[in-house]
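Chain naming here is simple, since letters A, B, ... match the order of the sequence lines and numbering starts at 1 in each. All values derive from a computational prediction rather than experimental measurement.
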There are 2 protein chains.
Amino acid sequence: MSKKSNLPQPTDAELEILQILWEAGPSTVRFINEKLNEQQEKEIGYTTTLKLMQIMTEKKLLSRNTESRTHVYLAEAVQGDTQKALLKKFVDAAFQGSATSLVMQALGNHQTSQEELDEIKALIEKIEKG
Amino acid sequence: MSKKSNLPQPTDAELEILQILWEAGPSTVRFINEKLNEQQEKEIGYTTTLKLMQIMTEKKLLSRNTESRTHVYLAEAVQGDTQKALLKKFVDAAFQGSATSLVMQALGNHQTSQEELDEIKALIEKIEKG
DNA sequence: TTGCATTTACGAAACTTTTCGTATATCATT
DNA sequence: AATGATATACGAAAAGTTTCGTAAATGCAA
């Protein structure tokens, strides 16, 4: 049983920040801003990142510890739940709700390693056994 | 070998229009607008749909036959190519590029029928042989 | 042919998301 | 205490997307 907090869905820019927080754990604005600028060619200003993270905190996507001068931010949105919600929206919008079409497309396009295929096959078996 | 036309990616509202055109084939603004309003609770004005389709035509996502007074619009963006491009962007943004994670999530959440599972298994076998 | 309904054209308003300028506070160093 | 570097707060500009009001053109019916 997972509690459903029903957070708003993150925008694209917000999602990039969440990805970093999910991977790195609690972080400062400076750290996130540097990570973002490693990933992209276009330089993002520090205050831009700050503002986004403040907005995300208002939306409860993040929380922060303000004890020290340098605030430390924490992802409140759970990765799996967020992905699930985004995926549903995406399947509806781009594949008219057919998750299978999406899976076929995803498997077809990418080259997938044998290990990954095995993972997927295992999951399918598990589903078949019910 | 498929020609790459490299069209801009459609916005959400544009994608809804494309979905209808992909399914129904060449259509008028009135028809699209009615379909949209069947699908949604919120009423969308006729000129709103018209404007969007005009913009999409400028972007080459659509083309139109203007011979008769009532223009007939045609999807230029190919469904499979568009889905592929959108999927790549989505996998990167939400699953950090891991198509396998996305597939696992998609299979895990939705209940998938035995037929669909069989389809997927067949595709996996094909990939493994290929 | 006059008038009504329907269509397209055009521009701009309304919203949403992203970006940043500027002000102010805090900390460390001298 | 003064200086410089770094932090947060706030508001608003900039950019992107969606919506629609209004005007002008076209076709149809009386």
One character per nucleotide, please: for nucleotides 17-23 of chain C, 5' to 3', B when the base has a protein heavy atom closer than 4.0 Å, S when only the sugar-phosphate does, - otherwise.
SSBBBB-
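- Here D:dA9 presents its C1' atom at 8 Å from CG of A:Leu50, a figure rounded to the nearest Å.
- Rounded to a whole Å, the CD atom of A:Glu67 is 13 Å from the P atom of C:dC27.
- Atom CZ of B:Phe31 is separated from atom P of C:dT7 by 14 Å (rounded to the nearest Å).
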Readout for nucleotides 24-30 of chain D: B = base within 4.0 Å of protein heavy atom, S = sugar-phosphate only, - = neither; 5' to 3' it is -BBS---
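- To the nearest angstrom, C1' of D:dT19 lies 13 Å from CG of B:Asn37.
- Following rounding to the nearest Å, A:His71 (NE2) and C:dA25 (P) show an atom-to-atom distance of 14 Å.
- Residue A:Glu23 qualifies as open at atom CD: its count of foreign heavy atoms under 6.0 Å is 12 or below.
- Between the CE atom of A:Met56 and the C1' atom of D:dT8 there is a distance of 17 Å, rounded to whole Å.
- Under a cut-off of 6.0 angstrom, the local environment of CD in A:Gln40 is crowded, with over 12 non-hydrogen atoms contributed by other residues, nucleotides or ligands.
- A sub-4.0 Å separation between OP1 or OP2 of C:dT7 and a side-chain N or O of B:Arg30 is present.
- For B:Asn65 and C:dT8, the CG to P distance is 12 Å, given to the nearest whole Å.
- For NZ of A:Lys84, the number of neighbouring non-hydrogen atoms (other residues, nucleotides, ligands) closer than 6.0 Å is 12 at most.
- A sub-4.0 Å separation between OP1 or OP2 of C:dA9 and a side-chain N or O of B:Arg64 is present.
- By the 6.0 Å contact criterion, CD on B:Gln114 is enclosed, its count of non-hydrogen atoms from other residues, nucleotides or ligands being greater than 12.
- In terms of phosphate contacts, B:Gln54 brings no side-chain nitrogen or oxygen within less than 4.0 Å of OP1 or OP2 of C:dC10.
- Atom pair A:Glu34:CD and D:dT6:C1' shows a separation of 12 Å (rounding to whole Å applied).
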Let me have the donor-acceptor pairs involving side chains of residues 12-22 of chain A, under 3.5 Å, with sequence neighbours excluded, atom names and distances please.
residue, atom, partner, partner atom, Å
A:Glu14, OE1, A:Thr11, N, 2.9
A:Glu14, OE1, A:Lys59, NZ, 3.2
A:Glu14, OE2, A:Lys59, NZ, 2.7
A:Gln19, NE2, B:Ala93, O, 2.5
A:Gln19, NE2, B:Ala94, O, 3.2
A:Trp22, NE1, A:Ala77, O, 2.9

